[in-house]
Amino acid sequence: MTLDPQRFLDDLHVLRSFGASGVGKGVVRQAYSDADIAARRWLAGRIEEAGLEPHFDPLGNLFGLAGENSLLVGSHSDSQPEGGWLDGALGVVAGLEIARAAKDAGGPPVSCVSFQDEEGRFGVLTGSDVWTGKLALEKADGLTDTAGSTLADMRARMADLAGDFLPHGRFTGFLEMHIEQGPYLEETGLGLGVVTDIVGIRDMRITFEGRQNHAGTTPMHLRRDAFQALSVFNTELNSRFAGVVTAATVWTIGHVALHPNASSVVPGRVEFSMQWRDADAGRLARMETLIKETAQDVSADHGVTALLGPVMGIEPAAMDARFQAGLAAAAEELAPGKWQKMPSGALHDAANLATVMPAGMLFVPSIGGISHAFDEDTDEADLVLGLQVLDRAARSLAVLT
């Protein structure tokens with residue numbers, strides 16, 4: 001295959017223009033927005049120009065087809081509400097360039113893809129969730145975004161493009177290149193990461209119900225302060241996790257709603273999100289037990305009631321051993337000693353694809369470890385190196401499959 005790195009970079013910058021934020025290289029291109037739909041139409045045009053067959057499915061996933069029994073390479077092109085230019089887009093344009101080069105060279109066949117709503121405007125990895133059969137389309141249609149719009153209403157905006165769902169069996173495997181979205185590769189001076197597995201995630205909402213009261217006249221020893229319960233819960237949980245977690249385990253209280261949220265009122269209720277991530281399903285389960293036990297213990301000690309919501313989640317996903325080996329061999333050939341096997345702490349479409357076909361992932365560095373922000377960036381030399389390694393792995397894996 002004859003790659004054209006400059007064509008790859010040019011396409012990547014053109015894709016950035018759809019929803020350009022005006023702040024650095026940032027983009028605002030949420031799923032089903034005008035910018036997203038325009039970007040997908042442009043991508044379909046580039047796919048057709050490459051001699052591939054563009055195909056939209058009912059959800060808006062866009063494939064560039066090279067025929068039956070092809071290797072699939074890609075990612076997603078939607079962004080966070082305030083996103084960077086590379087998150088997802090890098091893998092999509094790399095897939096396009098590799099598929100285009102393979103077509104020009106007469107094979108082996110490589111197809112490309114941009115999955116829809118990976119960033120979760122309506123769910124989690126929505127486009128690949130539906131395509132891989134994890135989530136029924138009928139159920140997905142009822143999902144709503146923060147403004148109350150349903151996915152059914154939004155995907156109707158692309159109805160003129162929609163075709164059928166493609167069978168998984170027409171693809172022999174899936175490769176995805178992505179920015180790391182963390183600091184490890186930059187801090188260690190490595191240029192590439194071969195992903196071993198993608199972490200599992202658990203999410204739940206917890207509410208502490210106390211007693212709303214006057215902040216000036218209620219003695220401290222008589223208070224049933226919901227926020228104080230949250231504060232103790234956070235400290236106690238960190239202590240209890242110490243003997244269970246590893247350096248790669250993460251957990252976050254990311255959203256807190258305090259009621260009545262007034263400076264002169266003892267808070268009577270606090271609702272908060274609890275999320276934890278790890279590559280080991282057993283450890284995730286042990287953490288869940290500790291979270292529930294800690295909430296109940298804190299509620300008993302502080303005179304509040306703990307209401308525990310359902311636990312939602314995605315299972316850890318191991319990348320295919322042969323695909324890992326193919327990526328590792330290509331990395332060692334093109335960047336000897338400058339790569340490392342590593343887990344992914346972020347979710348990616350490859351986690352879903354791994355349930356229906358062999359899958360592999362390649363990381364390139366993120367400057368400052370920054371992502372999901374307008375100043376997300378990666379040196380273009382690192383982008384090109386990633387493209388070249390992914391291409392070499394794709395050649396060997398496509399032939400083998």
Side-chain angles (χ1 to χ4, degrees), residues 1-5 7-16 18 29 31 36-78 86 88-118 127-128 130-132 158 160-178 348-350 352-353 356-357 359-362 386-387 390-391 393-395 397-399 401:
M1 304 182 195
T2 304
L3 289 177
D4 187 335
R7 179 174 59 185
F8 157 73
L9 292 172
D10 290 346
D11 280 348
L12 198 52
H13 283 287
V14 173
L15 181 54
R16 178 171 64 88
F18 293 94
R29 194 169 59 232
D36 172 61
I37 294 172
R40 289 176 185 276
R41 289 183 182 274
W42 172 80
L43 280 167
R46 293 297 279 164
I47 286 168
E48 191 167 24
E49 289 171 10
L52 305 166
E53 177 191 350
H55 180 90
F56 287 93
D57 70 15
L59 207 75
N61 297 319
L62 170 59
F63 295 82
L65 301 174
E68 300 290 339
N69 298 317
S70 60
L71 180 70
L72 186 63
V73 184
S75 188
H76 65 96
S77 54
D78 62 303
L86 296 171
L90 170 62
V92 170
V93 177
L96 170 62
E97 178 59 33
I98 291 170
R100 180 166 44 199
K103 179 73 173 178
D104 291 345
V110 176
S111 296
C112 58
V113 64
S114 173
F115 287 109
Q116 181 59 289
D117 195 27
E118 191 271 359
S128 59
V130 173
W131 186 62
T132 58
M158 301 181 66
D160 63 308
L161 300 172
D164 296 330
F165 283 114
L166 295 171
H168 309 141
R170 72 174 294 153
F171 304 110
T172 57
F174 177 67
L175 284 177
E176 180 173 7
M177 180 164 71
H178 208 280
H348 301 286
D349 289 310
N352 279 336
L353 273 289
V356 295
M357 65 184 70
M361 278 201 79
L362 181 72
L387 172 72
L390 193 72
D391 171 64
R395 270 190 285 172
L397 293 168
V399 169
T401 52

- Query: Would you call M361 and H178 a side-chain contact if the rule is heavy atoms closer than 4.5 Å?
  - Reply: yes

- Could you tell me which non-hydrogen atom of A94 sits nearest to which non-hydrogen atom of M177, and how far apart they are? CB-CE, 3.6 Å

- Message: Do E118 and S75 have side chains that approach each other closer than 4.5 Å (heavy atoms only, starting at C-beta)?
- Response: no

- Query: Looking at CD of E97 and CG of D10, how far apart are the two atoms once the value is rounded to the nearest 0.5 Å?
  - Reply: 10.0 Å

- Could you give the distance from OG (S114) to CG (L96), rounded to the nearest 0.5 Å? 10.5 Å

- Message: Quick check: closest heavy atoms across T132 and V356, and the distance to 0.1 Å?
- Response: O-CG1, 3.8 Å

- Item | Trace of the side chain to side chain contact (heavy atoms under 4.5 Å, CB included) decision for F171 with L166 | CA-CA 10 Å; F171 304 110; L166 295 171; 4.2 Å; yes

- Task: Mind checking the OG-CG spacing from S77 to L15? Nearest 0.5 Å is all I need.
- Result: 6.0 Å

- Query: With a 4.5 Å heavy-atom cut-off, do V130 and F165 have their side chains touching?
  - Reply: yes

- Rounded to the nearest 0.5 Å, what separation is found between the CD atom of E48 and the CG atom of L43? 13.0 Å

- Item | Which atom of F115 lies closest to which atom of H76, heavy atoms considered | O-CB, 3.4 Å

- Side-chain heavy atoms of V73 within contact of V113, under 4.5 Å: no

- Task: Check whether any side-chain heavy atom of F63 sits under 4.5 Å from a side-chain heavy atom of L72, and report yes or no.
- Result: yes

- Item | Full working for side chain to side chain contact (heavy atoms under 4.5 Å, CB included) between L52 and S111 | CA-CA 8 Å; L52 305 166; S111 296; over 6 Å; no

- CZ on R29 to CD1 on I37, rounded to 0.5 Å: 12.5 Å

- Message: Measuring only between side-chain heavy atoms, which start at C-beta, is R170 closer than 4.5 Å to S70?
- Response: no

- Message: Regarding Q116 and D57, do their side chains bring together a donor and an acceptor under 3.5 Å, going by distance alone?
- Response: no

- Message: Quick check: do R40 and F56 have side-chain heavy atoms less than 4.5 Å from each other?
- Response: yes

- Are any of the side-chain nitrogens in R100 or D104 under 4.0 Å away from the carboxylate oxygens of its partner? no

- Item | Heavy-atom side-chain proximity of M158 to R41 below 4.5 angstrom | no

- Task: Please check if atom CG in D160 has more than 12 non-hydrogen atoms from other residues, nucleotides or ligands closer than 6.0 Å.
- Result: yes

- Task: Heavy atoms only: give me the nearest A44-L62 pair and the separation to one decimal.
- Result: N-CD2, 3.7 Å

- Query: Where does the angle between the aromatic ring planes of W42 and F18 fall among parallel (under 30°), tilted (30 to 60°) and perpendicular (over 60°)?
  - Reply: tilted

- Can you tell me how far the CG atom of L90 sits from the CG atom of L387, to the nearest 0.5 Å? 8.5 Å

- Message: Show the nearest heavy-atom pair for residues A398 and L71, with the distance to one decimal.
- Response: CB-CB, 4.1 Å

- Item | For G386 against L362, the heavy-atom pair lying closest together | O-CD2, 3.5 Å

